Amino acid sequence: MTAVTFFRARFRARRGGGRVRWVAVTLLALVILAAIFAPVLSPDDPARQTLDQLRPPSADHPLGTDALGRDVLSRMLYALRTDLLLMVFAAGLPMLAGTVIGALAGYYGGLLDAAVRWVADIFQALPVYVLLIAFVFVLGPGTPSLLVAFGTLGWIVYARLIRTEVRRVRERDYVSASYLLGLSHTTVLVRHVLPNSLRQSLVYLTTDMGLALQGIAVLSFFGLGVEAGTPELGAMVAEAQVLLRSHWWLAAFPGLMIIVIGSSVAALADRFNEDGEAG
(Lines give C-alpha, C1' and ligand atoms only; values in the text may rest on other atoms or scores of the structure.)
Protein backbone atom coordinates (compact mmCIF):
# COMPACT_ATOMS: atom_id res chain seq x y z
CA MET A 1 0.00 0.00 0.00
CA THR A 2 1.41 3.36 -1.02
CA ALA A 3 1.34 6.38 1.25
CA VAL A 4 -1.29 8.05 -0.93
CA THR A 5 -3.55 4.99 -0.78
CA PHE A 6 -3.09 4.74 2.98
CA PHE A 7 -4.05 8.37 3.67
CA ARG A 8 -6.94 8.17 1.21
CA ALA A 9 -8.31 5.14 3.05
CA ARG A 10 -7.90 6.93 6.39
CA PHE A 11 -9.69 9.99 5.01
CA ARG A 12 -12.60 7.90 3.72
CA ALA A 13 -12.89 6.05 7.03
CA ARG A 14 -12.93 9.30 8.98
CA ARG A 15 -15.38 10.87 6.56
CA GLY A 16 -17.70 7.83 6.81
CA GLY A 17 -17.42 7.91 10.59
CA GLY A 18 -18.27 11.59 10.51
CA ARG A 19 -21.46 10.84 8.59
CA VAL A 20 -22.45 8.19 11.11
CA ARG A 21 -21.86 10.57 14.00
CA TRP A 22 -23.78 13.35 12.25
CA VAL A 23 -26.78 11.08 11.62
CA ALA A 24 -26.71 9.77 15.20
CA VAL A 25 -26.50 13.27 16.69
CA THR A 26 -29.29 14.50 14.41
CA LEU A 27 -31.62 11.64 15.33
CA LEU A 28 -30.94 12.04 19.05
CA ALA A 29 -31.46 15.79 18.82
CA LEU A 30 -34.82 15.29 17.09
CA VAL A 31 -35.90 12.75 19.69
CA ILE A 32 -34.88 15.04 22.56
CA LEU A 33 -36.68 18.00 20.98
CA ALA A 34 -39.79 15.88 20.46
CA ALA A 35 -39.72 14.89 24.14
CA ILE A 36 -39.22 18.48 25.31
CA PHE A 37 -42.04 19.84 23.16
CA ALA A 38 -44.38 16.88 23.72
CA PRO A 39 -47.20 19.10 25.10
CA VAL A 40 -47.06 21.22 21.93
CA LEU A 41 -46.64 18.37 19.41
CA SER A 42 -49.17 15.95 20.93
CA PRO A 43 -52.50 15.99 19.06
CA ASP A 44 -54.35 14.78 22.17
CA ASP A 45 -54.07 14.08 25.89
CA PRO A 46 -52.07 10.82 26.12
CA ALA A 47 -54.30 9.54 28.94
CA ARG A 48 -57.66 10.42 27.39
CA GLN A 49 -59.71 7.37 26.48
CA THR A 50 -62.18 7.64 23.60
CA LEU A 51 -64.54 5.45 21.58
CA ASP A 52 -62.17 5.65 18.58
CA GLN A 53 -60.52 2.37 19.50
CA LEU A 54 -57.93 0.60 17.37
CA ARG A 55 -58.08 3.15 14.56
CA PRO A 56 -55.39 2.90 11.89
CA PRO A 57 -53.09 5.88 11.19
CA SER A 58 -55.07 8.81 9.81
CA ALA A 59 -55.08 12.59 9.64
CA ASP A 60 -56.74 12.84 13.07
CA HIS A 61 -54.47 10.20 14.61
CA PRO A 62 -51.17 10.08 12.66
CA LEU A 63 -50.05 6.85 14.39
CA GLY A 64 -53.52 5.45 15.10
CA THR A 65 -55.19 4.71 18.42
CA ASP A 66 -54.81 1.86 20.90
CA ALA A 67 -57.35 -0.52 22.46
CA LEU A 68 -58.54 2.20 24.86
CA GLY A 69 -58.92 4.83 22.17
CA ARG A 70 -55.81 6.74 23.22
CA ASP A 71 -53.76 8.53 20.58
CA VAL A 72 -50.57 6.53 19.93
CA LEU A 73 -48.51 9.54 18.79
CA SER A 74 -49.35 11.46 21.96
CA ARG A 75 -48.42 8.52 24.14
CA MET A 76 -45.17 8.02 22.24
CA LEU A 77 -44.14 11.65 22.67
CA TYR A 78 -44.71 11.50 26.40
CA ALA A 79 -43.10 8.05 26.53
CA LEU A 80 -39.93 9.62 25.11
CA ARG A 81 -39.80 11.90 28.15
CA THR A 82 -40.08 8.90 30.46
CA ASP A 83 -37.52 6.75 28.67
CA LEU A 84 -34.92 9.47 28.08
CA LEU A 85 -35.00 10.61 31.70
CA LEU A 86 -34.80 7.05 32.99
CA MET A 87 -31.99 6.28 30.53
CA VAL A 88 -29.92 9.23 31.76
CA PHE A 89 -30.49 8.59 35.46
CA ALA A 90 -30.13 4.80 35.16
CA ALA A 91 -26.65 5.31 33.68
CA GLY A 92 -25.66 8.58 35.38
CA LEU A 93 -26.32 7.63 39.00
CA PRO A 94 -24.20 4.44 38.82
CA MET A 95 -21.43 6.44 37.21
CA LEU A 96 -21.42 8.97 40.05
CA ALA A 97 -21.38 6.24 42.69
CA GLY A 98 -18.78 4.17 40.85
CA THR A 99 -16.56 7.20 40.28
CA VAL A 100 -16.46 8.07 43.97
CA ILE A 101 -15.89 4.50 45.14
CA GLY A 102 -13.37 3.67 42.41
CA ALA A 103 -11.41 6.88 42.94
CA LEU A 104 -11.09 6.29 46.69
CA ALA A 105 -10.20 2.63 46.19
CA GLY A 106 -7.60 3.33 43.52
CA TYR A 107 -5.99 6.27 45.29
CA TYR A 108 -5.86 5.02 48.87
CA GLY A 109 -5.83 1.24 48.26
CA GLY A 110 -6.00 -0.92 51.35
CA LEU A 111 -9.15 -2.66 52.54
CA LEU A 112 -11.47 -0.53 50.40
CA ASP A 113 -9.55 -1.45 47.27
CA ALA A 114 -9.67 -5.14 48.17
CA ALA A 115 -13.40 -4.95 48.94
CA VAL A 116 -14.17 -3.24 45.62
CA ARG A 117 -12.22 -5.87 43.68
CA TRP A 118 -13.91 -8.67 45.62
CA VAL A 119 -17.43 -7.34 45.02
CA ALA A 120 -16.69 -6.62 41.36
CA ASP A 121 -15.40 -10.16 40.78
CA ILE A 122 -18.53 -11.65 42.34
CA PHE A 123 -21.01 -9.54 40.38
CA GLN A 124 -19.18 -10.01 37.08
CA ALA A 125 -19.67 -13.76 37.41
CA LEU A 126 -23.46 -13.34 37.67
CA PRO A 127 -26.00 -12.66 34.89
CA VAL A 128 -26.75 -8.94 35.09
CA TYR A 129 -30.21 -8.97 33.52
CA VAL A 130 -31.38 -11.82 35.75
CA LEU A 131 -30.21 -9.86 38.79
CA LEU A 132 -31.87 -6.73 37.45
CA ILE A 133 -35.21 -8.49 37.06
CA ALA A 134 -34.84 -10.05 40.51
CA PHE A 135 -34.12 -6.67 42.14
CA VAL A 136 -37.14 -4.99 40.55
CA PHE A 137 -39.36 -7.98 41.28
CA VAL A 138 -38.44 -7.84 44.97
CA LEU A 139 -38.70 -4.04 45.22
CA GLY A 140 -41.87 -3.85 43.13
CA PRO A 141 -42.54 -2.04 39.85
CA GLY A 142 -41.99 1.71 39.68
CA THR A 143 -39.42 4.36 38.86
CA PRO A 144 -37.65 4.28 42.27
CA SER A 145 -37.20 0.51 42.01
CA LEU A 146 -35.70 0.84 38.54
CA LEU A 147 -33.18 3.45 39.66
CA VAL A 148 -32.22 1.46 42.77
CA ALA A 149 -31.73 -1.71 40.71
CA PHE A 150 -29.64 -0.02 38.02
CA GLY A 151 -27.62 1.87 40.62
CA THR A 152 -26.93 -1.22 42.71
CA LEU A 153 -25.69 -3.24 39.75
CA GLY A 154 -24.24 -0.53 37.50
CA TRP A 155 -21.66 1.19 39.71
CA ILE A 156 -19.29 -1.77 39.62
CA VAL A 157 -18.07 -1.28 36.04
CA TYR A 158 -17.41 2.42 36.62
CA ALA A 159 -15.61 1.69 39.90
CA ARG A 160 -13.26 -0.74 38.17
CA LEU A 161 -12.57 1.65 35.29
CA ILE A 162 -11.90 4.61 37.59
CA ARG A 163 -9.81 2.53 40.00
CA THR A 164 -7.53 1.36 37.19
CA GLU A 165 -7.12 4.84 35.74
CA VAL A 166 -6.52 6.46 39.15
CA ARG A 167 -3.80 3.94 39.99
CA ARG A 168 -2.13 4.77 36.66
CA VAL A 169 -2.45 8.57 36.91
CA ARG A 170 -1.28 8.84 40.52
CA GLU A 171 2.19 7.67 39.44
CA ARG A 172 2.62 10.60 37.05
CA ASP A 173 5.32 13.20 37.68
CA TYR A 174 2.91 16.10 38.06
CA VAL A 175 1.13 14.25 40.88
CA SER A 176 4.44 13.77 42.69
CA ALA A 177 5.17 17.45 42.16
CA SER A 178 1.81 18.31 43.75
CA TYR A 179 2.88 16.51 46.92
CA LEU A 180 6.12 18.49 46.99
CA LEU A 181 4.10 21.70 46.81
CA GLY A 182 2.32 20.69 50.00
CA LEU A 183 -1.10 19.90 48.53
CA SER A 184 -3.30 17.53 50.52
CA HIS A 185 -4.28 14.10 49.25
CA THR A 186 -7.87 15.26 48.81
CA THR A 187 -6.81 18.21 46.70
CA VAL A 188 -4.49 16.11 44.57
CA LEU A 189 -7.20 13.50 44.02
CA VAL A 190 -9.98 15.92 43.17
CA ARG A 191 -8.03 18.48 41.13
CA HIS A 192 -5.31 16.48 39.43
CA VAL A 193 -5.89 12.72 39.49
CA LEU A 194 -9.63 12.33 39.00
CA PRO A 195 -10.09 14.76 36.06
CA ASN A 196 -7.41 12.85 34.15
CA SER A 197 -9.01 9.47 34.92
CA LEU A 198 -12.53 9.99 33.55
CA ARG A 199 -12.12 9.47 29.80
CA GLN A 200 -12.82 5.73 29.71
CA SER A 201 -15.78 6.11 32.05
CA LEU A 202 -17.30 8.85 29.90
CA VAL A 203 -16.94 6.66 26.82
CA TYR A 204 -18.58 3.76 28.64
CA LEU A 205 -21.37 6.05 29.87
CA THR A 206 -22.54 6.52 26.28
CA THR A 207 -22.70 2.76 25.79
CA ASP A 208 -24.33 2.27 29.17
CA MET A 209 -27.17 4.64 28.32
CA GLY A 210 -28.09 2.45 25.35
CA LEU A 211 -27.96 -0.65 27.53
CA ALA A 212 -30.05 1.10 30.18
CA LEU A 213 -32.71 1.96 27.60
CA GLN A 214 -32.88 -1.69 26.53
CA GLY A 215 -33.12 -2.84 30.14
CA ILE A 216 -35.91 -0.37 30.93
CA ALA A 217 -37.85 -1.44 27.84
CA VAL A 218 -37.46 -5.14 28.71
CA LEU A 219 -38.55 -4.63 32.32
CA SER A 220 -41.55 -2.57 31.22
CA PHE A 221 -42.43 -5.23 28.67
CA PHE A 222 -42.68 -7.76 31.51
CA GLY A 223 -44.67 -5.38 33.69
CA LEU A 224 -41.74 -4.57 36.00
CA GLY A 225 -41.03 -1.06 34.75
CA VAL A 226 -42.67 2.28 35.44
CA GLU A 227 -45.97 2.75 37.22
CA ALA A 228 -49.03 1.40 35.42
CA GLY A 229 -50.58 3.93 33.06
CA THR A 230 -47.37 5.91 32.56
CA PRO A 231 -46.53 6.25 28.85
CA GLU A 232 -43.39 4.16 28.22
CA LEU A 233 -42.13 2.60 24.99
CA GLY A 234 -41.57 -0.92 26.32
CA ALA A 235 -44.96 -0.94 28.03
CA MET A 236 -46.62 0.20 24.79
CA VAL A 237 -45.05 -2.72 22.92
CA ALA A 238 -46.23 -5.11 25.64
CA GLU A 239 -49.79 -3.81 25.48
CA ALA A 240 -49.83 -4.28 21.71
CA GLN A 241 -48.38 -7.78 21.47
CA VAL A 242 -51.78 -9.53 21.46
CA LEU A 243 -52.87 -7.30 18.56
CA LEU A 244 -49.66 -7.54 16.57
CA ARG A 245 -51.13 -9.31 13.54
CA SER A 246 -54.27 -7.23 13.18
CA HIS A 247 -53.06 -3.83 14.42
CA TRP A 248 -49.35 -3.76 13.68
CA TRP A 249 -48.85 -0.02 14.24
CA LEU A 250 -49.44 -0.30 17.98
CA ALA A 251 -46.17 -2.19 18.48
CA ALA A 252 -44.27 -1.12 15.35
CA PHE A 253 -43.90 2.60 16.09
CA PRO A 254 -42.80 2.31 19.76
CA GLY A 255 -40.50 -0.58 18.87
CA LEU A 256 -38.98 1.41 16.01
CA MET A 257 -38.36 4.34 18.35
CA ILE A 258 -36.48 2.07 20.79
CA ILE A 259 -34.32 0.86 17.90
CA VAL A 260 -33.66 4.42 16.68
CA ILE A 261 -32.60 5.71 20.10
CA GLY A 262 -30.54 2.62 20.94
CA SER A 263 -28.79 2.58 17.55
CA SER A 264 -28.00 6.29 17.69
CA VAL A 265 -26.52 6.03 21.18
CA ALA A 266 -24.52 2.94 20.16
CA ALA A 267 -23.17 4.71 17.06
CA LEU A 268 -22.02 7.66 19.17
CA ALA A 269 -20.41 5.30 21.67
CA ASP A 270 -18.47 3.54 18.89
CA ARG A 271 -17.23 6.84 17.48
CA PHE A 272 -16.18 8.12 20.90
CA ASN A 273 -14.34 4.87 21.53
CA GLU A 274 -12.56 5.07 18.15
CA ASP A 275 -11.60 8.68 18.80
CA GLY A 276 -10.26 7.73 22.22
CA GLU A 277 -8.18 4.90 20.79
CA ALA A 278 -6.87 7.14 18.01
CA GLY A 279 -5.98 9.81 20.55
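These numbers were taken from a predicted model, which means no experiment stands behind them.
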| request: Verify side-chain contact (heavy atoms from CB on, under 4.5 Å) between Y174 and V169, making sure each step is shown before the conclusion. | output: CA-CA 9 Å; Y174 63 84; V169 172; 3.2 Å; yes
Please round to the nearest 0.5 Å and tell me the distance separating atom [atom1] of [X] and atom [atom2] of [Y].
{"X": "E165", "Y": "R170", "atom1": "CD", "atom2": "CZ", "value": "13.0 Å"}
{"X": "F253", "Y": "L73", "atom1": "CZ", "atom2": "CG", "value": "9.5 Å"}
{"X": "L80", "Y": "L33", "atom1": "CG", "atom2": "CG", "value": "11.0 Å"}
{"X": "L41", "Y": "M76", "atom1": "CG", "atom2": "CE", "value": "12.0 Å"}
{"X": "D208", "Y": "L202", "atom1": "CG", "atom2": "CG", "value": "12.0 Å"}
{"X": "L243", "Y": "W249", "atom1": "CG", "atom2": "CH2", "value": "9.0 Å"}

| Going by the ring pair (Phe, Tyr, Trp, His ring centres under 6.0 Å) test, which pairs reach into residues 95-128, not counting sequence neighbours? |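 Every ring pair (Phe, Tyr, Trp, His ring centres under 6.0 Å) pair that includes a residue of residues 95-128, provided the two are not neighbours, is Y107-H185.
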| query | Would R117 and D113 satisfy salt bridge (charged side-chain N to carboxylate O under 4.0 Å, His left out), going step by step from the backbone distance to the final call? | reply | CA-CA 6 Å; R117 288 187 286 111; D113 187 32; 3.7 Å; yes
Expected output: side-chain [X] to main-chain [Y] donor-acceptor under 3.5 Å:
{"X": "S145", "Y": "G140", "value": "yes"}
{"X": "D83", "Y": "L233", "value": "yes"}
{"X": "S74", "Y": "D44", "value": "yes"}
{"X": "S197", "Y": "V193", "value": "yes"}
{"X": "T65", "Y": "R55", "value": "yes"}
{"X": "S42", "Y": "A38", "value": "yes"}
{"X": "S178", "Y": "L183", "value": "no"}

Cluster check [X], [Y]: I/L/V/M/F/W/Y, side chain < 4.5 angstrom:
{"X": "I259", "Y": "L30", "value": "no"}
{"X": "I36", "Y": "M257", "value": "yes"}
{"X": "L85", "Y": "V148", "value": "no"}

Over all heavy atoms of both residues, which pair between [X] and [Y] is shortest? Give the atoms and the distance, please.
{"X": "A35", "Y": "R81", "answer": "O-NE, 2.6 Å"}
{"X": "Y179", "Y": "V188", "answer": "CE2-CG2, 3.8 Å"}
{"X": "G106", "Y": "V166", "answer": "C-CG1, 3.7 Å"}
{"X": "L132", "Y": "A149", "answer": "CD1-CB, 3.6 Å"}
{"X": "G154", "Y": "P94", "answer": "C-CB, 3.5 Å"}
{"X": "G255", "Y": "V237", "answer": "N-CG2, 3.8 Å"}

| message | When you compare the side chain of F150 with that of L93, does any pair of heavy atoms fall below 4.5 Å? | response |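 Side-chain contact under 4.5 Å: no.
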| message | Measuring only between side-chain heavy atoms, which start at C-beta, is T82 closer than 4.5 Å to I216? | response |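 A side-chain contact is absent here, since even the closest heavy-atom pair is not under 4.5 Å.
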| query | Hey, is CZ on R191 packed in by over 12 heavy atoms from elsewhere, all under 6.0 Å? | reply |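 No - once you tally the heavy atoms of other residues, nucleotides and ligands closer than 6.0 Å, there are 12 at most.
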| message | With a sphere of 6.0 Å drawn around CG of L111, does it hold more than 12 non-hydrogen atoms of other residues, nucleotides or ligands? | response |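 Atom CG in L111 is not crowded, with 12 or fewer foreign heavy atoms closer than 6.0 Å.
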| said: Can you tell me which residue among L213, L28, V31 is in a side chain to side chain contact (heavy atoms under 4.5 Å, CB included) with L84? | reply: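 It is V31, the one option of L213, L28, V31 that forms the side chain to side chain contact (heavy atoms under 4.5 Å, CB included) with L84.
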| Is there any salt bridge (charged side-chain N to carboxylate O under 4.0 Å, His left out) pair reaching into residues 219-246, and which pairs are they, with sequence neighbours excluded? |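 Checked against salt bridge (charged side-chain N to carboxylate O under 4.0 Å, His left out) - neighbours excluded - the pairs reaching residues 219-246 are R70-E239.
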| said: Whether R75 and D71 form a salt bridge (side-chain N of Lys/Arg under 4.0 Å from carboxylate O of Asp/Glu) is what I want to check. | reply: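 Salt bridge flag = no for R75 with D71.
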